[in-house]
Structures are given as structure tokens and as C-alpha cells.
Amino acid sequence: MTRIPLSRSYLNTPWPIAAFNVMSKPGGAGCNLACEYCFYKHNQRSREPEDRSQNGTCSSAMSDAPLEQFVAEYIAAQDNPTVFFAWQGGEPTLAGLDFYRRVIALQQKHARKGVTISNALQTNGVLLDEQWCQFLKEHDWAVGISIDGPADIHDAYRRTRSGAGSYASVRQAIELLHKHNIHFDTLTTITPANVNRVEELYEFIMRELRPNVAQFQPCVERKDHTTVAPGHWPAETLLTVGDERLRPGHPDSIMTDWSISAEDWGNFLCQVFDLWWQRDRQGTPINWFHSWASQFAGGSALMCICSPICGRSVSMEKDGSVYSCDHFVYPEYKLGVADGKTGQTLSDLVRSQRQKQFGEAKSRNLPGYCKHCPFLQVCFGECPKRRFTKTPDGEPGLNYLCPGLRLFYHHAGSRLAEYGHQLR
């Protein structure tokens, strides 16, 4: 397999960037669920005081003036024929339908000639009803809906604040999405509850839920994530790959109990891929496989997590605070506030020297172990948030999931390359 030298992969990428994405959190961290593994549930350092309550409500959504500023600046800053708005949370439906009706009106007001505007909503599905679905269908919104599997799997971690399961509400929402013929993706977090129930989970998603795209994300969180920002880990906690303390469930583990091991993630991917290759590769896409197929065939990454650089997708809170990435919502990665009061525009923050350094660091800080890996061009060290282990020779900066990823690349690489060439 031909390696792509780093000098060819990112160092010549122009900056400032021509286009970028914003994950907008119009209701902040407010949520009507209390999922055990939720980042916002545990991380309080970046929350405004009004968002620190535990009642799960959204005390207020982004107000009219900053909302209009955001919509206008975001559309004006893009150099693409399509401007994509992503609405997330917390739980974004808590902002209410009237909020999103204002969004549509403002997008129409500020749309440039020849530019198409699209919207996507990432939701837990609890509040979706006929009225919501009529709105989503009328305005052609895509929906991402979080569901971790059948009831016993889903309810293991995705519960209400009273401790009740949320599966029934989510399943009802999915049936409504089908009824209204709304494009939706499933987002399934892989935890100890489902990582070893692969075929059951796969068939449930593909045959019962029938999404347009199936997305899987590994649950990986250090125990100190509530107080320590990614990249600021104490040196003594950077353990060498293979250390038993990296295994969730070990008495001295540095990982949360809801995390999965690197080996579990690799085995999960291998099993899902074999099922998908045999049964569905001409049908429902799976997020990881399509990106890796493109890369194995010499194309570009379709997911930022597989890209040689970061920095093109930022997170914006309801007060206008902008962070380098949705995985880095910590004070150390706050770029500034684009609220019309500071003089900072959204474009200024995203295209700043600070964000450029953040983006380029993804490749620049790779350990030698990664730079000489035959799978460099499909991995690029994966997400920097998970680079808290040491290489076998003791160099810091290795991704926690590396052993599992290498296992998968060896298992599926040739077939992914074949598939990627078919897609071109």
C-alpha cells in the first residue's frame, strides 16, 4: 500500500479555508434525557450558569438578534453552492418549532442567488410528533436520530431524568419519520451494552429501522474528561498501548465504565463490515466504510475524523461562543464569541491563526509510529481527542483506538479499496 507523505496531504492546504461547517447548539446543553455517557451531562466547565441546572429544560433558545447574525454571517462566509446548517444540542428540539420557523425565514432573507440551503437536525427523537414531522418534510430537513439498539440495549444508557427508558418514544419517532418519508440517519453509540451483540444490532438497524445511512460511534471517554481538556492530559496518565489500565472495567482503569476497548471496537467493525459486505453494500451506507473506501481507493476522506486536518467544523453555543470542534468544547479551545458585541465575526474566528494551528496539528503532531504506518492515508491518527496513549516505543500521541483500527484495516482494506474504486 502506497503511503501518502505528509507534505502532500496537508501542508499545502490553503488557509484561510474557503468553506466550513458549524454545529449550532441553539438550546445549549439543555436536554430532556440524562444519557449516562453524555459529554454535556458530565462536562460543566464550559457551561453557562443557566445551563448547569439538572432539570433538563432549555431555559431559552438563541435570541433573535444573534440568530440572525449567525445565519447571515454563515451564509455570506461560504464559498460553496450549498450551505449546510446542522442543529444539535443538548437536545435541539427543546428550542421549539417557532425557533426553527424563524430560522427558515432568516435563511430565505439572507440567501444569495444560486445558493442552496439545507438543514439537518440531530435529535434524541423524544419530542418528534406529527407537527414536527410536517415541518421537517415541508422544508426538506434531514434528521439524525440517536438510537443504540433494541429496547434493553438502548435503555441501558439512554434514560430520562427520572430513570425511565426512552426507547418507546424514539421508536415512535422513527415510525413517524417513515410515515412522512423524511430522510433520516441513525446514530448508534457503541458501548459495553451492544459491542458484543453485533448481528442482532445490525439486523435491528438495517431491517427494522431502515435508515438512509447507518452511523456508528465508539464510546471512548477518560475518567478525567470532566476536568481535563483533550491534549492537556497529565504526562503520568499517558499509558503505553497495551497497558491493562487502558481497558475499561480494570480496577485501575483510566477509562469510564461506559467506554469500550480498542480491541472491542476493532472486532465490532470487522463483524459489522462482514455483514454489510455480504448483505447490504449495494444498499444502506455505513458512515465509516464509505469514507475509508474513498480513501483506500485514493480519494479524499468523507468524514472529518478520517481527514489529514481538522478545523473545518466548529461548534457554536447559543450565546455565540465558538469552539474549535464539537469534541473540544472546553475553555482551552474557545475561539471567541460571535454575538455582534465583541467585534468578532464567525468567519474571523474560524479562519483565525489559532484555528489554523489547531487544524494542522492533527497531522503535524502525529508520532513516528503513525507516520510510518501503511494505513496512514485512511486514518491520519483518527480524532485528536482520543490521542492519549503512547506508542510501543514510548512516544506520546497515539490514538487509544489504534490497535482496533489496525485490526480492521488489515481485515477489510482490500475489499474497501475494491468498493471505493466501484464508487468512483
Side-chain angles (χ1 to χ4, degrees), residues 37 122 144-158 167 170-171 174 184-221 247-248 258-297 299 301-306 375 378-380 382-383 386 399-423:
Y37 52 62
Q122 180 63 45
I145 192 160
S146 299
I147 185 165
D148 287 354
D152 65 315
I153 292 176
H154 179 88
D155 289 343
Y157 293 103
R158 301 190 65 82
Y167 173 81
V170 180
R171 189 63 190 272
I174 289 175
F184 77 94
D185 302 347
T186 51
L187 178 61
T188 301
T189 301
I190 305 306
T191 67
N194 55 17
V195 71
N196 294 315
R197 295 171 63 176
V198 180
E199 185 163 11
E200 177 187 3
L201 177 65
Y202 181 87
E203 287 298 303
F204 170 77
I205 292 172
M206 294 297 192
R207 311 297 164 232
E208 294 192 38
L209 303 185
R210 309 184 312 280
N212 294 91
V213 178
Q215 300 185 65
F216 298 102
Q217 63 177 6
C219 198
V220 174
E221 209 75 78
R247 184 171 292 278
W258 56 84
S259 295
I260 60 172
S261 70
E263 292 75 15
D264 279 345
W265 178 235
N267 287 325
F268 176 86
L269 287 173
C270 289
Q271 292 176 64
V272 169
F273 179 80
D274 288 345
L275 292 168
W276 177 77
W277 186 260
Q278 296 164 9
R279 305 174 187 179
D280 295 293
R281 72 177 185 271
Q282 302 305 322
T284 304
I286 290 178
N287 57 338
W288 295 96
F289 301 159
H290 271 60
S291 186
W292 284 330
S294 171
Q295 292 168 270
F296 269 111
L302 306 182
M303 297 168 58
C304 67
I305 208 166
C306 306
F375 302 113
V378 294
C379 180
F380 293 106
E382 216 247 9
C383 182
R386 296 194 271 260
N399 195 292
Y400 168 84
L401 294 173
C402 175
L405 293 171
R406 289 172 67 93
L407 172 69
F408 173 75
Y409 297 147
H410 278 292
H411 177 77
S414 60
R415 285 178 287 173
L416 280 170
E418 172 191 337
Y419 185 73
H421 284 294
Q422 292 173 2
L423 294 177

Subject >> Any donor-acceptor pair under 3.5 Å from Thr284 side chain to Val213 backbone >> reply: no
Subject >> Aromatic ring pairing His410/Phe375, orientation class (parallel under 30°, perpendicular over 60°, tilted between) >> reply: perpendicular
**OP:** Considering non-hydrogen atoms only, spot the tightest contact between Cys383 and Asn399 and give its length.
**Re:** O-ND2, 3.1 Å
Original post:
Side chains of Gln271 and Asn196: does their closest heavy-atom pair fall under 4.5 Å?
Top reply: no
Original post:
Under a 4.5 Å cut-off applied to non-hydrogen side-chain atoms, are Leu187 and Ser146 in contact?
Top reply: yes
Original post:
Is Phe408 close to Trp265 at the side-chain level, that is, under 4.5 Å between some pair of heavy atoms?
Top reply: no
Subject >> With Ile190, the side chain to side chain contact (heavy atoms under 4.5 Å, CB included) member among Asp148, Leu201, Asp264 >> reply: Leu201
Original post:
Roughly how far, to the nearest 0.5 Å, is SG of Cys402 from CZ of Arg386?
Top reply: 12.5 Å
Original post:
Hey, are the side chains of Glu263 and Leu407 touching, using non-hydrogen atoms and a 4.5 Å cut-off?
Top reply: no
Subject >> Stepwise side-chain contact (heavy atoms from CB on, under 4.5 Å) check, Phe273 with Leu416 >> reply: CA-CA 10 Å; Phe273 179 80; Leu416 280 170; 3.6 Å; yes
**OP:** Might you point out which heavy atoms bring Cys306 and Val378 nearest each other, and give the distance in Å?
**Re:** CB-O, 4.1 Å
Original post:
When the ring planes of Phe289 and Trp276 are compared, do they come out parallel, tilted or perpendicular, using 30° and 60° as the limits?
Top reply: tilted
Original post:
Would Arg158 and Tyr37 count as having a side-chain donor-acceptor pair, cut-off 3.5 Å?
Top reply: yes
Original post:
Looking only at atom types and distance, does a side-chain atom of Arg406 sit under 3.5 Å from a main-chain N or O of Gly404, one as donor and one as acceptor?
Top reply: no
Original post:
Does Asp185 use its side chain to pair, donor to acceptor, with the backbone of Ala214 at less than 3.5 Å?
Top reply: no
Subject >> Heavy-atom donor-acceptor pair, Asn194 side chain to Ile153 backbone, under 3.5 Å >> reply: no
Original post:
Would you say Trp288 and Ile305 make side-chain contact, with heavy atoms under 4.5 Å?
Top reply: yes
Original post:
For the ring pair Phe296 and Trp292, is the centre-to-centre distance below 6.0 Å?
Top reply: no
Original post:
About how many Å separate CD of Gln215 and CD1 of Ile205, when rounded to the nearest 0.5 Å?
Top reply: 10.5 Å
**OP:** Look up atom NE2 in His411 and atom CG in Asp274, then write down how far apart they are to the nearest 0.5 Å.
**Re:** 3.5 Å
Subject >> Side chain to side chain, Arg207 and Arg279, heavy atoms closer than 4.5 Å >> reply: yes
